[in-house]
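Being a predicted model, the structure only gives us computed values, none of them experimental. Chain letters run A, B, ... following the sequence lines, proteins first and then strands; every chain starts at 1.
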There are 2 protein chains.
Amino acid sequence: MTKRAMLSKDHPCRSCDVSAEALCRALDVETLADFRNQGGRLHLTAGQTLFHQGDPADCVFSLTSGVVKLYAILSDGRRQIVAFLFPGDFVGFETQQSHGFAAEAIGDTTLCRVLKRRFEWFVDHYPALAEARYRRAAAELAIAQERMVTLGRQTAAERLAGFLSDIQRRAGFRGRDGANLVPLPMSRGDIADYLGLTKETVSRELTNLRKARVIRSHSLTLIEILDPRGIGALACGLAA
Amino acid sequence: MTKRAMLSKDHPCRSCDVSAEALCRALDVETLADFRNQGGRLHLTAGQTLFHQGDPADCVFSLTSGVVKLYAILSDGRRQIVAFLFPGDFVGFETQQSHGFAAEAIGDTTLCRVLKRRFEWFVDHYPALAEARYRRAAAELAIAQERMVTLGRQTAAERLAGFLSDIQRRAGFRGRDGANLVPLPMSRGDIADYLGLTKETVSRELTNLRKARVIRSHSLTLIEILDPRGIGALACGLAA
DNA sequence: CGGTGAATTGAATCGCGTCAATTGACGTGG
DNA sequence: CCACGTCAATTGACGCGATTCAATTCACCG
């Protein structure tokens, strides 16, 4: 009987199977249960926003299923998606008082919510959690810096190739025939706003990759990578 | 007599007048002295590199004077400057084993160096330092995310305006006549590689701003902002 | 089956990049 | 102190990659 099994039968964390990277994994099981009871569960459907740009940042969230986009909107409507969040990712643990970005669910989504004050109490009392929070922030920073290179210096084809291998690494899976499958739950417009392109350019580059037999589309939201080395070569040393 | 004065007369930290944001400010004075003795001073002249992309990351550095650029180079020579570091900024406190970016001095530069292992010992023993380190990482992350918006969605004019108000906030000062002076110690090429443009475009946009009487050049490396609201309007809601 | 919204494709345009020439800043040696 | 050399910055002419605008085409759902 593992420690994990000691959680009460209906405890949500019991079935929470997110990546071992999740922050809460820094807590031992009893503390985790305690921590978890501080918060609540949250369900969102496609297009619902978790918070808007400028909203007070008084909660932290842990994504347990679904995909969330984090974005900024400029006064004239231009939009930049700063990150896609996958299960296991955290949101809202910045130090500012208000959210610098908006967060919106892409499909059906489940999150754990904890009041930031409570979260910080745990951080103060459990060094392992503080450490995990720091490591997470540092990792996000490294990712953000890589993305600066992409957005500042890469061509459309390179951006798309990098994006696909990124998603493949984070959410890709194998088909029963061993196929290298990559889900694309977000719209072409979302991909464009993530890569600093337009949806038309994203579409064109996808057909280029298709014509070059580097990828194959199973549906609009599921592609297969036929030539991983081709993708890697295009991604040009980044996101190896 | 302040606590600070208790540092021995020749102690480098005594004259270290970097921003109160510097990480070492999280330590009390005796500990600071102890901490400081772990490391050494380092001088670089223009163009000297602190470390290369891929070098083992076994030291942390605190910039006490000068300006340093942090950048990535792609296989075909394209370059993206990820950050300019000013006095008070820290480098190298990422969690990875090796540096993801290169660091190079722009002019004469002084740094404090501490072995990362030593630094981490202090982090483990002084919660205030751990807290400061986290806050710094979180702040850097927020800045990096703002820069994604700039690099992904802003025009050349907006990028330059945002850059100038950025530098003004971090390194700007007042002339004796109250002039709003901004130093530009880095080359046009550096600015271009920071903003995801070319040096020619940077130059053109600077002359546009000059013709629009928004800025005035005192020399190649010192400009005056004549119309801060004009700059702010161009920067388009970002970097307010 | 329509009908609706997203994705794709095509054609024209434009902002920025590229390449080349000129100007300017600054140090050096006569 | 001035002439010259060097290298960065500026300016100009032109080209290209990505955007914009406008059709289709496609996927999906009542």
Side-chain angles (χ1 to χ4, degrees), chain A residues 45-47 69 74 76-80 106-108 150-164 182-212 215-223 234 236, chain B residues 45-47 69 74 76-81 106-107 150-164 182-212 215-223 234 236:
Chain A
T45 58
K69 59 191 177 198
L74 275 56
D76 61 353
R78 279 172 293 175
R79 190 177 63 147
Q80 175 67 42
I106 278 174
D108 280 9
T150 297
L151 292 171
R153 287 289 176 237
Q154 290 197 298
T155 65
E158 290 165 343
R159 294 180 202 208
L160 211 20
F163 176 74
L164 293 179
V182 181
L184 294 179
M186 65 293 285
S187 73
R188 301 297 190 258
D190 283 343
I191 298 175
D193 284 345
Y194 181 78
L195 296 175
L197 301 168
T198 60
K199 55 184 187 300
E200 291 91 339
T201 301
V202 168
S203 196
R204 277 185 253 270
E205 295 299 337
L206 280 175
T207 69
N208 286 347
L209 290 174
R210 228 175 277 127
K211 283 177 181 164
I215 63 169
R216 188 160 73 95
S217 287
H218 288 234
S219 79
L220 276 176
T221 56
L222 181 67
I223 64 148
L234 274 170
C236 178
Chain B
T45 58
K69 59 190 178 198
L74 275 56
D76 60 354
R78 279 173 292 175
R79 189 177 66 144
Q80 174 68 43
I81 293 182
I106 277 173
T150 297
L151 293 170
R153 285 291 177 235
Q154 290 198 297
T155 64
E158 290 166 342
R159 293 180 202 209
L160 218 347
F163 176 73
L164 292 180
V182 181
L184 294 180
M186 64 292 285
S187 73
R188 301 298 191 257
D190 283 343
I191 298 176
D193 284 346
Y194 180 78
L195 296 175
L197 302 168
T198 60
K199 55 184 188 299
E200 291 93 338
T201 301
V202 168
S203 197
R204 277 186 252 272
E205 294 299 337
L206 279 174
T207 70
N208 286 346
L209 290 174
R210 229 177 276 128
K211 283 177 182 163
I215 64 169
R216 189 159 74 95
S217 288
H218 288 233
S219 80
L220 277 176
T221 56
L222 181 67
I223 64 147
L234 273 171
C236 181

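Every residue two or more places apart in sequence or in another chain that forms a side chain to side chain donor-acceptor pair (under 3.5 Å) with B:Thr221 is listed here: B:Ser219. Partners of B:Glu158 under the salt bridge (charged side-chain N to carboxylate O under 4.0 Å, His left out) rule, at least two apart in sequence or in another chain, are A:Arg78. Listed by chain and number, the residues in a side chain to side chain donor-acceptor pair (under 3.5 Å) with A:Arg79 are A:Asp190, A:Asp193 (sequence neighbours excluded). For B:Thr201, the side chain to side chain donor-acceptor pair (under 3.5 Å) partners are B:Thr198, not counting sequence neighbours.
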Can you give one letter per nucleotide of nucleotides 1-15 of chain C, going 5' to 3': B for a protein heavy atom under 4.0 Å from the base, S for sugar-phosphate only, - for none? ------SBBBB----
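If one axis is set at each end of the helix from C:dC1-D:dG30 to C:dG30-D:dC1 from five pairs, those axes are 30° apart, to 10°.
The heavy-atom pair separating B:Leu234 from B:Ala161 by the smallest distance is CB-CB, 3.5 Å. Nearest heavy-atom pair, A:Leu151 versus A:Arg159, reported as atom, atom and distance to 0.1 Å: O-NH2, 3.3 Å.
Rounded to a whole Å, the CG atom of B:Leu222 is 14 Å from the P atom of C:dA25. Rounding to whole angstrom units, CD1 of residue B:Ile191 and P of D:dA9 are separated by 8 Å. Between the CZ atom of B:Arg153 and the P atom of C:dC16 there is a distance of 13 Å, given to the nearest Å. Atom pair A:Leu151:CG and D:dA18:P shows a separation of 13 Å (rounding to whole Å applied). Whole-Å rounding puts the A:Asn208 CG to D:dG17 C1' distance at 12 Å.
Distance alone, capped at 3.5 Å, places no donor-acceptor pair between the B:Arg210 side chain and the B:Glu205 backbone.
Both A:Gly196 and A:Ser219 lie close to DNA chain D; mapped to their nearest nucleotides by heavy-atom distance, the more 5′-ward contact belongs to A:Gly196.
Screening A:Ile215, A:Leu195, A:Leu197, A:Asn208 against A:Leu160 for a side chain to side chain contact (heavy atoms under 4.5 Å, CB included) leaves a single residue, A:Leu195.
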